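Letters A, B, ... are given to chains in the order of the sequence lines, protein chains preceding strands, and every chain is numbered from 1. Quantities reported herein were computed from a predicted structural model and do not represent experimental measurements.
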Amino acid sequence: MLPLELIRKDPELVKRAAELKGEPAPVDEILRLDTRWRQATAAAELARAEQNALSKEFAKSKDQSLLPRMKRLGESAKFHGAEADRLRAELDRLLLHVPNLFHESVPVGESEADNVMVREWGSRPQLGFEPRPHYDIGEALDIMDFERAARVSGSRFAFLKGAGARLERALVQFMLDLHTREHGYTELLPPFLVNTASMLGTANLPKFGDEAFRVEGRDLWLIPTAEVPMTNFHRDEMLDGSQLPLNYVAYSPCWRSEAGAAGKDTRGYIRMHQFSKVELVKLVKPEASLEALEELTGHAEVVLQRLGLHYQVMAMCTADMGFAQYKKYDINAWAPGLGRYLEVSSCSVFNDFQARRANLRYRPAPGQPPRFVHTLNGSALALTRTIDCVIETYQQADGTVAVPDVLKPYMGGLEYLGPTG
RNA sequence: GGGGAGGUGGCUGAGUGGUCGAAAGCGUCCGCCUGCUAAGCGGAUAGGGGGUGUGAAACUCCCUCGAGGGUUCGAAUCCCUCCCUUCCCGCCA
């Protein structure tokens with residue numbers, strides 16, 4: 001959420017940013033409501049001030065003749081106050097629909113095609129034979145099962161089996177160990193269901209409710225990402241400046257309805273209603289947030305480097321960036337069998353956009369007024385697509401899949417995923 | 001699910017109708033004292049919003065004691081609903 005003062009002071013800036021992001025922003029409506037709200041507030045406060053003054057007098061003098069006036073003032077304050085509350089509620093509702101600004105370094109663009117590659121690591125491997133997609137390999141080795149998953153749950157679900165299930169577990173373990181031991185993150189195992197307030201805090205609501213699954217009859221949502229419980233971990237707290245930055249890593253399943261993706265990535269282990277992810281979240285001081293984004297992105301990249309997977313880091317352009325992000329990098333890893341890059345990570349900085357919604361504050365130093373923290377998050381990594389890239393990159397001519405060196409300790413020393421695996 | 005207790009500032013915790021945004025303590029900051037540190041002494045210290053206004057300030061008013069509603073001229077305090085925490089009982093992986 002953007003501060004109302006900013007919208008008042010520079011509505012054109014807010015409008016322009018929203019336009020470039022391709023998001024509607026009810027700026028003019030907000031300005032109109034703001035004016036009316038302030039008028040109603042002034043009227044209510046005037047009446048209440050007078051009422052308070054008389055009330056003090058009455059407490060001392062018990063002068064009964066004051067009562068009728070006090071009663072009238074009370075009614076007036078109530079009347080204007082109710083109007084002010086109504087306008088403010090509408091104002092707050094609209095404020096939740098105003099997208100975040102973006103950093104000046106974000107490329108202006110109209111579509112995915114305008115994203116800018118900022119670096120790449122490795123190169124497309126030459127396998128010396130026709131590479132197969134992960135779903136063919138997975139089914140041939142009997143480590144991925146889409147048919148039974150469709151029967152048990154529906155489309156966009158999968159079973160992993162045997163060495164496939166173990167591979168995902170190994171990857172999770174490897175990522176968590178890397179980030180906790182080498183990158184200084186504290187591990188959380190968060191709740192996988194959260195309430196509406198948390199979804200609002202990270203800006204998954206009100207705009208993206210269609211994307212999430214909701215528990216019927218309860219105020220609970222299946223998390224679309226661990227970012228939601230993680231970023232809300234310190235909701236409504238007053239942090240001490242000396243505690244920052246806070247770095248958290250968590251494994252969780254993620255659930256998404258994929259409402260807008262009908263017909264897209266229907267084949268394979270790519271776009272699932274449920275997928276596993278290792279997520280990084282940082283709470284930092286405002287002046288440190290852009291640097292923290294680079295650091296966070298780097299931490300995600302290390303995972304791919306250790307796995308020996310070729311990838312590109314893309315700076316998202318305005319149109320591809322989304323409602324809440326201030327700046328965002330996607331990391332796309334190469335899947336030789338599919339012959340395309342898969343988005344395995346998305347790393348974003350939100351500035352104080354989420355912090356305002358979730359009331360994440362810190363006191364820079366004793367005696368100083370509180371400030372909002374800046375929040376960041378990034379996948380490191382999404383397991384589905386990482387597994388695809390591992391399988392497709394390490395596939396052998398004989399149909400087996402070599403286990404990357406870093407994963408061998410997590411796979412009980414297993415060298416190859418084979419039919420017996 | 002049944003019954004009890006409770007949710008107050010950065011923290012602990014008092015406060016059952018007006019003089020309470022709120023005692024006291026802790027923490028923190030400033031000053032004094034001390035060769036230095038500790039101790040001691042004095043002072044300061046919640047958040048949010050509106051108005052006037054400035055380079056910053058300053059002044060002033062309003063709101064906020066878990067959330068929402070009600071009673072009252074007036075609510076942290078009384079009533080209702082909900083949420084959360086905790087204890088006992090029941091159920092249960």
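A/P68 comes within contact range of no nucleotide atom at all, as no heavy-atom separation falls under 4.0 Å. At a threshold of 4.0 angstrom between heavy atoms, the contacts of A/R72 with the nucleic acid are absent.
The A/S55 side chain lies nearest to B/C73 when the options are B/C62, B/G48, B/C73. Closest approach to the A/R363 side chain among B/U71, B/G10, B/C62 is made by B/G10 (side chain taken as heavy atoms from C-beta onward). Which of B/C73, B/G18, B/G10 sits closest to the side chain of A/Q51 comes down to B/C73.
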How far apart are the C-alpha atoms of A/K408 and A/D405, what are their side-chain angles, what is the distance that settles it, and do they pass the salt bridge (Lys or Arg N to Asp or Glu O under 4.0 Å) test? CA-CA 5 Å; A/K408 281 176 187 161; A/D405 287 342; 2.8 Å; yes
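Residues A/Y326 and A/H374 bring no donor and acceptor atom of their side chains to less than 3.5 Å of each other.
Taking the C1' atoms as reference points, B/G13 lies 16 Å from B/G21, given to the whole Å. Distance check on atom P: B/U19 versus B/C62 gives 13 Å, rounded to whole Å. Comparing the P positions of B/G18 and B/C79 gives a spacing of 16 Å, expressed to the nearest Å.
Taking NE2 from A/H103 and CG from A/L290, the interatomic distance works out to 4.5 Å, rounded to the nearest 0.5 Å.
Between A/N332 and A/M314 the shortest heavy-atom distance is ND2-CG, 3.4 Å. Summarising the geometry of A/T318 relative to A/V108, their closest heavy-atom pair is OG1-CA, 3.6 Å, with the distance given to 0.1 Å.
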Protein-nucleic acid N or O pairs under 3.5 Å, nucleotides 50-55 of chain B:
from  : atom 1 : to    : atom 2 : distance (Å)
B/G50 : OP1    : A/R8  : NH1    : 2.8
B/G50 : OP1    : A/R8  : NH2    : 2.8
B/G51 : OP1    : A/R38 : NH1    : 2.9

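In this model, the phosphate group of B/C63 is approached by a side-chain N or O of A/N52 to a distance below 4.0 Å at OP1 or OP2.
At a threshold of 4.0 Å, the pair A/E258-A/R271 counts as salt-bridged, since one of the basic side-chain nitrogens sits closer than that to a carboxylate oxygen. A salt bridge links A/E182 and A/R306; the closest N-O separation between the charged side-chain nitrogens and carboxylate oxygens is under 4.0 Å.
Here B/C82 sits opposite B/G66 as a Watson-Crick or G-U wobble pair (both hydrogen-bonding atom distances under 3.5 Å).
With rounding to whole Å, A/L46 atom CG is found 15 Å from B/C63 atom C1'.
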